[in-house]
Amino acid sequence: MKEVIKNLSEFRNRPLAERSKTIAPVLMSLLWLCAIAGVAFLWNLGNIGLVDETEPLFAEAARQMTVTGDFITPYFNGETRFDKPPLIYWLMAVAYRTLGVNEWAVRLPSALCAIGLTCLGFYTLSRSKSKEEGSSAADSVADVTDVTETSQKSEGIFSKSLTPPLFLSTPWIGAALIALNPQTIAWGRTGVSDMLLSACMCSALLAFFLGYTLEEQREKAEVTTVSASRFPNKWYLTFYVLIALAILAKGPVGIVIPSLIVGSFTLYLGNFRQLWREMRPVSGILIILAIALPWFILVTLANGQTYIDSFFGYHNFQRFTEVVNKHSAPWYFYFLVVLLGFAPWSIYLPVAIARTRFWQRSYWRRQPRSAQLSLFALFWFGCIFGFFTIAVTKLPSYVLPLLPAAAILVTLLWGDIIAGKEPENRRIKLEKKANSLPKSLLVTYIVNIVFLLILAGATFYCYNWLGDDPAMPNFPEALQQSGLLIVGGAIWITAAMAIALLLWKRQQRWILVANFIGLVAFIIFGLTPAYNLVDINRQLPLRELSKVVVQQKLPGEELMMIGFWKPSLVFYTQDPVTFYRLPRGAKDYIEESNNHTSPTILVLGYPHKFVEFGLQPNQYQLLDSRGAYQLARVPRKAFLK
């Protein structure tokens, strides 16, 4: 605290011109973070309806909590929902109370989590960079300004380099790469628990690294009074709190994976025992238990063995050891997920990983902690990738938490490229051949160009692969006629041509900018309008029919969906919905039903499903039809013939 006050005092005593130079980069960095957050996560966040099938499950369970006041046991459509712990439902419920029950409130927790993770990533990179470059403690009042200063002292594996402009500094690049990739954007704009888990887990890992480097500073400063404390430092405490929140977001995986990453990282470096003493794990476990355990106790007391079998047995252990809900995939599945989900930055991952020289253990053990961020990011990436590759059930969202690690690795690579840094053992060769590019980077730049051209081709012809969704049978034609495919493909071709020109001109530091502009342009002019088009064709008809249901439903009349399951209907009608995929099941249910308060049933389905269920047009009253769906009032006896 005394050091902070001293730094603030020194900052106030600086000349006005010097203070202005310090404040300007801070304000520019804040504007940069706001711009990233706006484009990636907030722009048009609530402009489209909830997307079936998963998002409405979370939205309705949270709404049920606000209606019933039961914040312990989640319910959906009258049944318990033990898929996930309650933190995401609680956050949505708070948003409902603040913004009302709408799409903005459903998605805002995910968006804020993604923004928070991006900002902490920016802060971590700025701190790590400033320490690596030898910035003074007096500058800690404005850490983001340190990235624009380069010390003449070289402390890492790289030689002395040039100072990049602020907008090409490492923290700015890192924030952009953490936020602006397809998978993070998708989950940061979706009202489910995946981004909440990723933000809590990844922020915990960033907090761990900040605490890890803070201990090194204390050792250098010989602060014996702090080291004798019974409690971990502030960042380790933050790590424990975020781990507890990760557990409340998605269960045991919230502590298993961070423990695996931290444990393997410190075992590799040989400082596990030292870290054990620093982190005071007994205090940490007590903090985690105090935050996370009460809900697990309460929900178990309320639901008993049913909850234990469903959550721990089915949704955790069984997902890891068996295929659940037909979510199987080949062993190379996550290679493709990372390639596309982290595009276009994923092209640079192999070079970024190789440049860590992770096989040189003795080298890394000699490095100061502040210089070990790339190695930590590599363990972070590798542990999550390996863990979920081993798991039998596979989903793209499972590897969402490794993307910030991938972003850090690629960011550090690009930071060195832009600053003109090269490994010491290459310096002599580069002096002899100043205009040459390292072979690995040259190949990667060429692959970058080819990859963008492939993306352009896939964008032009993707309408041929989109015709198997019965909920929007006319979508491929609508997409083709919209001109969005031409716009999207043209953006990627333009980006590829720009990169080729920059490579020819030996201006490789601007290749990052070309990728960035291409991605942002594609998001604004291609992807966002395409989302709106999907909503119009797939989800809007259900929302419109939900309004008809609310207007037409008679007292005691039941609503049934036949042949498919669209949970958004439950959320938008705010009424229970009976679902049956097969005719026999529906008939048996109606025969055994005790609901005789209404002789009719509201039925929603595809027209051909009515025929499959044996319903003829003269047996029911058609109330409305929208898109691929129709809504009808059917006498109960029509099902029993």
Side-chain angles (χ1 to χ4, degrees), residues 49-86 88-90 92-93 95-96 101-103 105-107 190-193 299 302-303 306-307 309-311 314-315 324-325 471 538-539 541-583 585-590 592-595 597-598 600-606 609 613 629 631-632 634 636 639:
L50 301 184
V51 180
D52 287 308
E53 276 72 32
T54 306
E55 193 176 34
L57 297 173
F58 286 87
E60 176 62 14
R63 192 190 70 82
Q64 282 294 311
M65 283 187 170
T66 63
V67 172
T68 63
D70 183 356
F71 288 88
I72 301 300
T73 304
Y75 286 91
F76 175 82
N77 203 30
E79 298 180 355
T80 56
R81 186 171 193 267
F82 295 137
D83 297 45
K84 304 294 182 292
I88 186 63
Y89 306 131
W90 293 344
M92 287 182 180
Y96 288 159
V101 180
N102 54 52
E103 293 84 359
V106 172
R107 294 169 181 147
T190 305
V192 296
S193 61
V299 74
N303 299 278
T306 303
Y307 168 74
D309 293 341
S310 176
F311 179 73
Y314 181 75
H315 291 291
V324 172
N325 294 335
R538 191 177 192 268
Q539 298 298 144
L542 278 174
R543 296 200 301 278
E544 293 174 337
L545 289 176
S546 296
K547 294 179 181 178
V548 177
V549 168
V550 173
Q551 296 169 356
Q552 296 287 338
K553 191 176 180 184
L554 302 175
E557 194 170 35
E558 190 172 7
L559 175 61
M560 178 179 289
M561 305 173 74
I562 58 174
F564 61 91
W565 175 230
K566 299 293 182 183
S568 63
L569 192 65
V570 182
F571 178 81
Y572 286 112
T573 61
Q574 299 188 2
D575 257 334
V577 178
T578 303
F579 161 73
Y580 277 97
R581 185 178 297 277
L582 300 176
K587 294 178 180 179
D588 291 343
Y589 166 77
I590 293 172
E592 299 170 2
S593 175
N594 295 322
N595 182 5
T597 57
S598 176
T600 59
I601 303 173
L602 288 182
V603 178
L604 189 148
Y606 303 132
K609 290 294 181 181
F613 274 68
Y629 312 100
L631 175 68
V634 184
R636 285 178 171 270
F639 278 96

Main-chain N/O of Phe579 paired with Trp565 side-chain donor or acceptor, under 3.5 Å: no

Between OH on residue Tyr89 and OH on residue Tyr75, distance to nearest 0.5 Å: 13.0 Å

Separation of Met561 CE from Leu631 CG (nearest 0.5 Å): 10.5 Å

Rounded distance (nearest 0.5 Å) linking atom CG of Asp52 with atom OG of Ser568: 3.5 Å

Separation between CZ of Arg63 and OH of Tyr96, rounded to the nearest 0.5 Å: 8.0 Å

Pair Leu559-Leu569, side-chain contact (heavy atoms from CB on, under 4.5 Å): steps then yes or no: CA-CA 10 Å; Leu559 175 61; Leu569 192 65; 3.8 Å; yes

CG-CG distance between Leu602 and Leu554, expressed to the nearest 0.5 angstrom: 7.0 Å

Residues that Tyr629 engages under ring pair (Phe, Tyr, Trp, His ring centres under 6.0 Å), provided they are two or more places apart: Phe564, Tyr606

Closest contact, heavy atoms only, Ala105 versus Ala95: O-CB, 3.4 Å

Charged tip of Arg81 within 45° of Phe58 ring normal and under 6.0 Å: yes

Smallest separation among heavy atoms of Arg538 and Val51, with atom names: NH1-CG1, 4.1 Å

Gap separating the CD1 atom of Ile562 from the CG atom of Leu582, nearest 0.5 angstrom: 11.5 Å

Stepwise side-chain contact (heavy atoms from CB on, under 4.5 Å) test for Met560 and Phe613: CA-CA 12 Å; Met560 178 179 289; Phe613 274 68; 5.8 Å; no

Check: Tyr572 side chain, Glu544 main-chain N or O, donor-acceptor pair, under 3.5 Å: no

Residue among Glu55, Glu60, Glu53 satisfying salt bridge (Lys or Arg N to Asp or Glu O under 4.0 Å) with Lys566: Glu53

side-chain contact (heavy atoms from CB on, under 4.5 Å) evaluation trace for Glu557 with Gln552: CA-CA 10 Å; Glu557 194 170 35; Gln552 296 287 338; over 6 Å; no

Met65 and Met92, any side-chain heavy atoms less than 4.5 Å apart: no

Non-hydrogen side-chain atoms of Arg107 and Leu50 separated by less than 4.5 Å: yes

Stepwise side-chain contact (heavy atoms from CB on, under 4.5 Å) check, Asn303 with Phe82: CA-CA 10 Å; Asn303 299 278; Phe82 295 137; 3.5 Å; yes

